[in-house]
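The figures that follow rest on heavy atoms only: side chains count, while hydrogens, waters and symmetry mates do not. This chain uses plain numbering: 1 for the first residue, then up along the sequence. All of these numbers come straight from a predicted model, not from anything done at the bench.
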Amino acid sequence: MTETYFDGATAQPPHPAAKDAYAAALSEGWAGPGRLYTLGRRSRMLLEAARQSAASSLGVAPDEVTFTSSGTQAVQAGVLGVIAARSEPDAFAYSAVEHSSVLHAARWHERRGGAAVEIPVDRFGRVDADPLVETGEAAAVAVQSANHEVGTRQPIAAIAAGLGGVPLVCDAAASLPWEPVPEGWSVLAASARKWGGLAGCGILVVRKGTRWRNPFPGEDSSPQEAIGEVDVPAAVAAAASLRAVAAEREELAKRARELTERIREHIAATIPEVELPGDPADRLPHIVTFSCLGVDGEVLLTELNRAGFAVSSGSACASTRLRPSHVLQAMGVLSHGNVRVSLHRETTEAEVDRFLEVLPGVVEGIRRLS
């Protein structure tokens with residue numbers, strides 16, 4: 001049985017543009033781009049071309065773009081670098097539904113003597129447009145563009161307008177493949193595998209005028225120097241696929257939204273005692289999360305996998321963390337037995353139809369055995 005992949009929010013299948021760019025760059029871009037010999041200069045030219053291409057796709061200046069080894073590195077370097085550049089205050093405020101990489105950065109900051117303040121969210125998973133009402137003074141505020149588990153968008157532009165110069169760090173990994181970057185942020189982070197680039201490549205953007213200092217051992221002259229050596233072919237692949245995705249995202253987002261609307265409606269109509277968390281309208285087009293009362297999430301994921309579907313969950317049973325989703329807990333919704341279906345560029349209508357045909361029976365079977 002061919003497995004149907006419904007975990008595009010974790011990683012999209014490699015984009016054809018990424019495959020082609022990586023293969024072409026591999027023979028020319030493997031040498032150290034900082035070296036002065038011919039092979040090094042070739043790598044440097046490829047890296048600079050990738051930086052210019054990514055900057056054009058993001059609507060920023062090339063020297064504001066840094067390629068990193070992952071989305072996690074981009075997020076944490078962005079957050080901690082902004083905090084390190086400010087002497088007072090040292091508090092870091094972040095939304096309660098941020099990716100775990102932000103939560104880890106907050107804990108790390110606290111262990112070094114700083115303060116971290118969690119910004120609460122409403123039942124849809126959205127923060128107040130004026131988070132400083134909740135947090136007071138802060139050295140930096142981190143709010144994602146949209147949530148990676150339930151898809152709810154955040155009011156980034158409104159938040160930025162109310163911060164009074166406090167840097168806003170925006171994790172745009174979930175939204176970047178599907179819609180333009182929101183306005184107002186100071187630092188942006190993303191992961192290439194979310195849009196069909198390769199794993200092991202992220203992007204960090206620090207806008208001009210935003211003070212940033214390397215929070216880790218090493219060079220301190222710029223984010224590019226601080227991050228260290230770059231996988232040049234992966235950066236080239238990331239830039240090429242980002243450019244391709246930006247050109248096709250409007251059409252793909254429309255198709256994905258039609259499919260997820262069908263999934264939401266079918267689940268609500270055919271499965272009793274089910275919850276569909278997140279904003280039903282102001283959300284990313286490709287994510288549907290649902291929680292079935294009385295159904296163990298690990299069992300449901302296993303049974304769906306046996307039926308040929310690869311889906312994910314924010315619950316501990318799916319991630320070996322032995323705790324439920326912090327996102328769903330912060331929202332105050334059912335946090336056990338949840339499943340996230342996230343579509344990708346290659347998802348077909350037939351795949352969705354087959355999933356909807358199988359799902360109610362799988363849930364009913366689990367409940368009957370329970």
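Two residues are said to be in side-chain contact when any heavy atoms from C-beta on lie closer than 4.5 Å; Phe216 and Leu80 meet this criterion. Between Pro33 and Arg42, the closest side-chain pair of non-hydrogen atoms is not below 4.5 Å. Between Arg51 and Asp63, every side-chain heavy-atom pair lies at or beyond the 4.5 Å cut-off. Between Asn147 and Val150, the closest side-chain pair of non-hydrogen atoms falls below 4.5 Å. You'll find the side chain of Trp212 reaches within 4.5 Å of the side chain of Pro223, heavy atoms only. For the pair Ile271/Arg367, a side-chain contact is recorded, criterion being any heavy-atom separation below 4.5 Å from C-beta on. Between Val327 and His148, some side-chain heavy-atom pair lies under the 4.5 Å cut-off.
Under the 4.5 Å side-chain heavy-atom criterion for ILVMFWY residues, no single connected hydrophobic cluster contains both Leu252 and Val352. In the hydrophobic clustering of this structure, Val166 groups with Ile156; members are Ile, Leu, Val, Met, Phe, Trp, Tyr whose side-chain heavy atoms approach within less than 4.5 Å, directly or through other members. Residues Ile287 and Val311 do not share a hydrophobic cluster, defined by chaining ILVMFWY side chains whose heavy atoms lie under 4.5 Å apart. Under the 4.5 Å side-chain heavy-atom criterion for Ile, Leu, Val, Met, Phe, Trp and Tyr, Val82 and Val102 are members of the same hydrophobic cluster. Put simply, Ile119 and Met331 are part of the same group of oily side chains (I, L, V, M, F, W, Y) that touch within less than 4.5 Å, one to the next.
Taking Ala96 as the reference, Glu118, Ala330 meet the side chain to side chain contact (heavy atoms under 4.5 Å, CB included) condition, with sequence neighbours excluded. Remark: His109 pairs with no residue by the ring-ring contact (aromatic ring centres under 6.0 Å, His included) rule, at least two apart or across chains. When the side chain to side chain contact (heavy atoms under 4.5 Å, CB included) test is applied to Leu334, the partners found at least two apart in sequence or on another chain are Glu275, Ser291, Leu293. Residues satisfying the side-chain hydrogen bond (donor to acceptor under 3.5 Å, both in side chains) test with Ser175, not counting sequence neighbours, are Ser145. Glu265 pairs by the side chain to side chain contact (heavy atoms under 4.5 Å, CB included) definition with Glu261, not counting sequence neighbours. For Glu357, there are no side-chain hydrogen bond (donor to acceptor under 3.5 Å, both in side chains) partners at least two apart in sequence or on another chain. With sequence neighbours excluded, no residue forms a side-chain hydrogen bond (donor to acceptor under 3.5 Å, both in side chains) with Thr152. Residues passing the ring-ring contact (aromatic ring centres under 6.0 Å, His included) test with Phe92, sequence neighbours excluded: Tyr94. Here Thr210 pairs with nothing under the side-chain hydrogen bond (donor to acceptor under 3.5 Å, both in side chains) rule; sequence neighbours left out.
A donor-acceptor contact shorter than 3.5 Å links the side chain of Arg41 to the backbone of Leu36. Side-chain N or O atoms of Thr4 include none that pairs as donor or acceptor with a backbone N or O of Glu351 at under 3.5 Å. Ser57 places a side-chain N or O within 3.5 Å of a backbone atom of Ser53 that can act as its donor or acceptor partner. Using a distance-only test at 3.5 Å, with no hydrogens or angles considered, no donor-acceptor pair links the side chain of His15 to the main chain of Ala240. The backbone N or O of Ala18 lies less than 3.5 Å from no partner atom in the side chain of Ser241, so there is not a single donor-acceptor pair. Of the possible polar contacts, one joining the Arg283 side chain to the Pro280 backbone as a donor-acceptor pair under 3.5 Å is found. A donor-acceptor pair under 3.5 Å is formed between the side chain of His326 and the backbone N or O of Glu98. Between the side chain of Thr260 and the backbone N or O of Ala256 there is at least one donor-acceptor pair closer than 3.5 Å. Between the side chain of Arg126 and the backbone N or O of Pro155 there is no donor-acceptor pair closer than 3.5 Å. For the pair Lys194 (side chain) and Pro177 (backbone), a donor-acceptor distance under 3.5 Å is absent.
Residue Arg107 qualifies as enclosed at atom CZ: its count of foreign heavy atoms under 6.0 Å is above 12.
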Between Arg255 and Glu349, does a salt bridge (Lys or Arg N to Asp or Glu O under 4.0 Å) hold up when you go through it step by step?
CA-CA 9 Å; Arg255 186 168 67 87; Glu349 187 175 344; over 6 Å; no
Checking side chain to side chain contact (heavy atoms under 4.5 Å, CB included) for the pair Leu300/Asp296: CA distance, chi angles, key distance, verdict?
CA-CA 6 Å; Leu300 181 52; Asp296 184 277; over 6 Å; no
Assess whether side chain to side chain contact (heavy atoms under 4.5 Å, CB included) is satisfied between His104 and Thr72, documenting all intermediate values.
CA-CA 10 Å; His104 294 157; Thr72 292; over 6 Å; no
Walk me through it: do Glu64 and Val206 pass the test side chain to side chain contact (heavy atoms under 4.5 Å, CB included)?
CA-CA 5 Å; Glu64 295 175 329; Val206 180; 5.9 Å; no
Test side chain to side chain contact (heavy atoms under 4.5 Å, CB included) applied to Thr289 and Val339, step by step:
CA-CA 6 Å; Thr289 293; Val339 170; over 6 Å; no
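The line from OG of Ser313 to CD of Glu298 is 9.5 Å long, rounded to the nearest 0.5 Å. Distance check: Tyr22 OH to Leu198 CG gives 6.5 Å after rounding to the nearest 0.5 Å. Note that OG of Ser325 and CD of Glu149 are 3.5 Å apart. Values are rounded to the nearest 0.5 Å. Taking CD of Glu346 as the reference point, atom CD of Gln12 lies at 8.5 Å (rounded to 0.5 Å). Residue Leu359 holds its CG atom at 11.5 Å from CD of Glu364, rounded to the nearest 0.5 Å. Here the CD1-SG distance, from Ile159 to Cys170, works out to 8.5 Å after rounding to the nearest 0.5 Å.
Ionic pairing of Arg153 and Glu179 is present here: one or more N-O contacts between side-chain nitrogen and carboxylate oxygen are shorter than 4.0 angstrom. Using a 4.0 Å cut-off between a side-chain N of Lys or Arg and a carboxylate O of Asp or Glu, Asp7 and Arg340 qualify as a salt bridge. At a threshold of 4.0 Å, the pair Glu303-Arg306 counts as salt-bridged, since one of the basic side-chain nitrogens sits closer than that to a carboxylate oxygen.
Under the salt bridge (Lys or Arg N to Asp or Glu O under 4.0 Å) criterion, the residue pairs touching residues 230-254 are Lys254-Glu258, with sequence neighbours excluded. Within the structure, the ring pair (Phe, Tyr, Trp, His ring centres under 6.0 Å) test picks out the following pairs touching residues 162-183 (sequence neighbours left out): Trp178-His286.
If you check the side chains of Ser70 and Gln73, you find no donor sitting under 3.5 Å from an acceptor. For Asn305 and Glu3, the side-chain atoms include at least one donor-acceptor pair closer than 3.5 Å.
Val236 shares a hydrophobic cluster with Leu46, Leu47, Leu58, Val60, Val65, Phe67, Leu176, Val181, Trp185, Leu188, Trp195, Ile203, Val205, Val230, Val232, Leu242, Val245; the chain of contacts runs through ILVMFWY side chains whose heavy atoms sit under 4.5 Å apart.
Note: Phe6 and Phe309 have parallel aromatic rings, judged against thresholds of 30 and 60 degrees for the angle between ring planes.
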